[in-house]
Participant: 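I am attaching a structure below and will ask some questions about it afterwards.
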Amino acid sequence: MTLRKGERATISIQEHMAIDVCPGPIKPIKQISDYFPRFPRGLPAAAAAARPALSPAEPPRHEDEDVDQLFGAYGASGPAERPARRAAEEEAADAEGYESDDCTALGTLDFSLLYDHENNALHCTINKAKGLKPMDHNGLADPYVKLHLLPGASKANKLRTKTLRNTLNPTWNETLTYYGITDEDMIRKTLRISVCDEDKFRHNEFIGETRIPLKKLKPNQTKTFSICLEKQLPIDKTEDKSLEERGRILISLKYSSQKQGLLVGIIRCAHLAAMDANGYSDPYVKTYLKPDEDKKSKHKTAVKKKTLNPEFNEEFCYEIKHGDLAKKTLEVTVWDYDIGKSNDFIGGVVLGINAKGERLKHWFDCLKNKDKKIERWHTLTNELPGAILSD
């Protein structure tokens with residue numbers, strides 16, 4: 001097309017759109033993650049020194065190619081392998097230094113455990129919690145800590161701290177103690193520690209828990225923990241029924257030369273079986289020294305109301321010559337007191353020359369060591385040979 005002098009060239013709308021829409025070959029758009037991949041501990045030294053100097057004979061490269069060369073120097077893998085490598089690096093970083101989602105959402109708990117081997121006691125000191133999950137409408141919680149011994153979680157072995165109001169960072173500094181813990185318990189039992197939110201008008205709500213196998217503890221050594229709380233784990237309902245117990249009793253024996261008799265101390269019971277509808281018992285203890293021709297050897301403690309861990313601290317004296325004790329058997333039975341009906345048998349234990357294990361050893365140590373008080377924990381059984389199971 002020829003133009004006259006002074007005329008301006010005109011471009012059709014079709015030509016104009018063709019110029020704007022088709023500027024040339026279209027390159028794929030790079031993502032920001034291609035330029036800034038995540039490294040667990042910063043940019044590796046290999047990548048920093050990987051950028052080679054250009055020789056004069058080498059053709060110039062685009063800037064984006066230089067960036068690709070710099071960050072692609074971390075390993076010789078191809079583009080298809082880089083996402084998998086990057087994911088593995090992120091997982092490694094999380095495992096080493098990052099908190100899990102549960103830890104961030106539920107909070108952490110600081111506590112310590114001590115197994116007192118001499119006194120058969122497990123001391124659990126609950127120190128504090130941090131960053132608990134808000135449970136109330138005000139964005140706070142009313143937390144307390146609850147302990148259970150597994151297997152066999154029940155009211156008999158449940159302990160709990162006081163409740164602290166309106167806080168997500170409570171400090172308890174409370175020590176809860178389990179009595180009657182044996183070496184066998186330390187091998188096969190697990191301590192379950194739960195943090196809950198107390199609610200006056202509804203059921204208390206679960207926040208998080210952790211579980212510590214007691215075999216991790218060493219006798220007479222305090223072990224401190226700072227653990228992220230986890231979601232609630234199921235409790236195995238198919239526990240071995242042979243592990244079920246009726247409870248434990250702490251008995252002291254001493255032959256007194258001054259009183260010419262056997263002193264039997266009923267100190268306390270622990271983890272008794274619940275016999276009443278409210279989940280508790282009203283326990284008391286009876287003792288017999290058999291054979292008992294005159295039927296005068298019966299002694300009975302006071303009744304302790306609504307408890308599965310009663311403390312009696314009562315002592316009875318049987319006047320008997322030391323030489324005759326070898327022919328005797330001490331029967332100790334624990335009962336649940338009921339009004340208007342027969343009392344329920346909880347469990348019992350027999351000490352004497354016909355006993356076995358710790359029960360025989362306790363009796364033998366008493367006979368061998370005059371005027372020395374010897375305390376031992378014993379496991380109650382639901383059958384007592386030779387005993388009358390009625391009160």
Side-chain angles (χ1 to χ4, degrees), residues 98-115 121-179 181 189-214 216-217 222-237 270-272 274 276-281 304-311:
Y98 295 169
E99 293 181 342
S100 67
D101 291 340
D102 282 352
C103 184
T104 304
L106 303 178
T108 61
L109 181 66
D110 295 350
F111 60 96
S112 63
L113 302 176
L114 170 63
Y115 174 47
L122 176 63
H123 302 289
C124 313
T125 301
I126 308 299
N127 297 319
K128 62 182 179 180
K130 294 184 291 185
L132 294 180
K133 178 182 177 181
M135 304 298 291
D136 298 336
H137 62 84
N138 60 0
L140 300 173
D142 302 322
Y144 66 92
V145 177
K146 183 171 58 175
L147 307 182
H148 275 116
L149 279 178
L150 303 175
S154 67
K155 288 184 179 180
N157 60 44
K158 182 179 75 173
L159 301 175
R160 60 163 287 176
T161 67
K162 61 187 176 184
T163 301
L164 300 181
R165 303 290 177 185
N166 297 322
T167 178
L168 299 179
N169 300 285
T171 299
W172 289 282
N173 289 329
E174 274 190 62
T175 298
L176 308 174
T177 301
Y178 282 105
Y179 295 99
I181 301 298
K189 294 210 169 187
T190 296
L191 179 65
R192 179 192 184 197
I193 306 178
S194 308
V195 181
C196 302
D197 171 61
E198 185 176 290
D199 198 316
K200 292 183 178 180
F201 305 104
R202 296 180 298 174
H203 290 295
N204 295 342
E205 296 179 287
F206 176 86
I207 297 177
E209 72 169 41
T210 187
R211 299 186 183 186
I212 306 296
L214 297 186
K216 290 186 175 182
L217 305 180
T222 301
K223 187 166 185 177
T224 302
F225 299 84
S226 182
I227 293 182
C228 293
L229 297 174
E230 304 176 52
K231 296 177 182 178
Q232 192 165 17
L233 301 173
I235 297 178
D236 186 7
K237 300 296 184 181
H271 317 154
L272 292 180
D276 296 338
N278 60 7
Y280 293 95
S281 294
K304 302 295 179 180
K305 293 290 186 179
K306 196 179 178 183
T307 178
L308 301 177
N309 298 282
E311 190 169 352

Participant: Given 3.5 Å as the limit, does a donor-acceptor pair link the side chain of Asp136 with the main chain of Asn138, or not?
Facilitator: no
Participant: Counting distance only, does the side-chain N/O of Asn309 pair as donor-acceptor with the main-chain N or O of His271 below 3.5 Å?
Facilitator: yes
Participant: Salt bridge check: are Arg160 and Glu198 linked by an N-O gap of less than 4.0 Å?
Facilitator: yes
Participant: Closer than 3.5 angstrom, by distance alone: can the side chain of Asp142 be matched with the main-chain N or O of Asn166 as a donor-acceptor pair?
Facilitator: yes
Participant: How far apart are the closest heavy atoms of Pro143 and Pro170, and which atoms are they?
Facilitator: CG-CG, 3.6 Å
Participant: Answer yes or no: is there a side-chain heavy-atom contact under 4.5 Å between Asn169 and Leu132?
Facilitator: no
Participant: Say you draw a straight line from CD of Gln232 to CG of Leu106; how long is it, rounded to the nearest 0.5 Å?
Facilitator: 11.5 Å
Participant: Walk me through it: do Leu140 and Thr167 pass the test side chain to side chain contact (heavy atoms under 4.5 Å, CB included)?
Facilitator: CA-CA 6 Å; Leu140 300 173; Thr167 178; over 6 Å; no
Participant: Hey, are Ser281 and Asp276 close enough side-chain-wise for a donor-acceptor pair under 3.5 Å?
Facilitator: no
Participant: Test Leu147 against Arg192 for side chain to side chain contact (heavy atoms under 4.5 Å, CB included), laying out the working first.
Facilitator: CA-CA 6 Å; Leu147 307 182; Arg192 179 192 184 197; over 6 Å; no
Participant: Assess the residue pair Lys189 and Leu150 against the criterion (side chain to side chain contact (heavy atoms under 4.5 Å, CB included)); give the C-alpha distance rounded to whole Å, side-chain angles, the decisive distance to 0.1 Å, and a yes or no.
Facilitator: CA-CA 6 Å; Lys189 294 210 169 187; Leu150 303 175; over 6 Å; no
Participant: Could you tell me the separation between the OH atom of Tyr178 and the NZ atom of Lys158, rounded to the nearest 0.5 Å?
Facilitator: 10.0 Å
Participant: To the nearest 0.5 Å, what is the distance between CD1 (Ile212) and NZ (Lys223)?
Facilitator: 8.0 Å
Participant: Donor-acceptor pair, distance only, cut-off 3.5 Å: does the side chain of Asp197 make one with the backbone of Ala141?
Facilitator: no
Participant: Are side-chain heavy atoms of Leu164 and Tyr144 found at a separation under 4.5 Å?
Facilitator: no
Participant: What distance separates Leu176 CG from Leu191 CG, expressed to the nearest 0.5 Å?
Facilitator: 9.5 Å
Participant: Side chains of residues 121-129: which donor-acceptor partners sit under 3.5 Å, not counting sequence neighbours?
Facilitator:
unit_1, atom_1, unit_2, atom_2, d
His123, ND1, Thr177, OG1, 3.0
Thr125, OG1, Thr175, OG1, 3.0

Participant: In the structure I gave you, are the side-chain heavy atoms of Ser112 and Phe225 within less than 4.5 Å of one another anywhere?
Facilitator: no
Participant: On a heavy-atom basis, which atom in Gly139 and which in Pro134 lie closest, and how many Å separate them?
Facilitator: O-CB, 3.3 Å
Participant: Rounded to the nearest 0.5 Å, what's the gap from CG on Leu168 to CE on Met135? Could you check?
Facilitator: 10.5 Å
Participant: Donor-acceptor pair, distance only, cut-off 3.5 Å: does the side chain of Trp172 make one with the backbone of Lys162?
Facilitator: yes
Participant: Look at Glu209 together with Lys146 and state whether they make a salt bridge at an N to O cut-off of under 4.0 Å.
Facilitator: no
Participant: Determine whether Leu109 and Ile193 satisfy the following criterion, side chain to side chain contact (heavy atoms under 4.5 Å, CB included), listing intermediate values before the conclusion.
Facilitator: CA-CA 9 Å; Leu109 181 66; Ile193 306 178; 3.6 Å; yes
Participant: Would you say the side-chain atoms of Asn204 pair up with the backbone N or O of Asp199, donor to acceptor, closer than 3.5 Å?
Facilitator: yes
Participant: Please list, chain by chain and in numerical order, all residues satisfying ring pair (Phe, Tyr, Trp, His ring centres under 6.0 Å) with Tyr179, sequence neighbours excluded.
Facilitator: none
Participant: So do the side chains of Phe111 and Thr210 get within less than 4.5 Å of each other, counting heavy atoms only?
Facilitator: yes
Participant: SG of Cys196 to NE2 of His203: how many Å apart, nearest 0.5 Å?
Facilitator: 13.0 Å
Participant: Any side-chain heavy atom of Leu272 sitting closer than 4.5 Å to one from Tyr280?
Facilitator: no
